[in-house]
Amino acid sequence: MAKLINIPVVHDKRGNLSVIEGNRNIPFNIKRVYYLYDVPGGAKRGGHAHRKLKQLIIAASGSFDVVLHNGKEKETFTLNRSNVGLYVPQMTWREIENFSSGAVCLVLASKHYDESDYIRNFKEFKKLTES
Ligand code: TYD
């Protein structure tokens with residue numbers, strides 16, 4: 001199930017430091033990190049699900065909405081804090097939209113990039129969640 005995860009913050013007068021440790025404060029080991037930035041106004045990212053991949057999505061800067069669909073229900077999460085991550089399990093359709101200017105979407109992933117893990121057709125995704 002998708003859920004918001006609070007990321008610990010070490011705060012002092014020099015600023016904030018947040019830390020994420022694989023299999024400690026998130027439920028998977030981190031094999032890959034990527035980030036979306038310089039997203040043009042009005043652009044949408046995502047539009048797919050993953051068969052096995054688990055991810056944590058963080059608004060490292062700025063804000064955006066993550067719209068999730070588990071095959072039955074749709075839920076929208078607005079991410080706008082650097083110390084909150086959205087855990088997105090396998091078999092979850094996602095769209096990312098409403099990027100603020102300067103937004104950075106940081107993604108931690110449980111596996112290396114593998115195109116065969118993607119489901120890019122929503123009808124196919126729905127069918128797979130029903131079976
Ligand atoms: P995609 O995952 O569809 O983007 P998003 O979900 O953020 O909208 O990936 C876009 C392109 O980037 C696609 O051609 C595959 C490539 N890509 C990699 O080569 N490695 C990666 O780790 C990722 C996430 C994407």
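Atoms within a ligand are numbered from 1 in the order they appear, just like the ligands themselves. Just so it is clear, the values below take in all heavy atoms, side chains as well, and ignore hydrogens, waters and symmetry mates. Residues take their numbers from the sequence shown, with the count starting at 1.
For Arg120 and Glu115, the salt-bridge test passes: some basic side-chain N is under 4.0 Å from an acidic carboxylate O. Here Glu124 pairs with Arg51 in a salt bridge; the nearest charged N to carboxylate O distance falls below 4.0 Å. Salt-bridge annotation for Lys44 and Glu95: absent, with no side-chain N of the basic residue lying under 4.0 Å from a carboxylate O of the acidic one.
Heavy atoms of Arg120 found under 4.0 angstrom from ligand 1 belong exclusively to the side chain. Contact annotation for Glu115 and ligand 1: no heavy atom of the residue comes within less than 4.0 Å of the ligand.
For the ligand labelled ligand 1, residue Lys44 lies outside the 4.0 Å heavy-atom shell.
Note on ring orientation: taking the six-membered ring where Trp is involved, the planes of Phe125 and His69 are perpendicular (angle over 60°, cut-offs 30° and 60°).
For atom 12 (O) of ligand 1, the nearest protein heavy atom lies 4.0 Å or farther away.
Among the atoms of Tyr118, some N or O lies under 3.5 angstrom from an N or O of ligand 1. The N/O atoms of Gly46, backbone and side chain alike, include one that comes under 3.5 Å of an N/O atom in ligand 1.
Given atom 6 (O) of ligand 1, the protein heavy atom at minimum distance is His48 NE2, 2.6 Å.
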Report task. Quick one: do Phe99 and Arg45 satisfy side chain to side chain contact (heavy atoms under 4.5 Å, CB included)? Show the steps, please. Result -> CA-CA 10 Å; Phe99 284 85; Arg45 304 288 319 209; 3.8 Å; yes

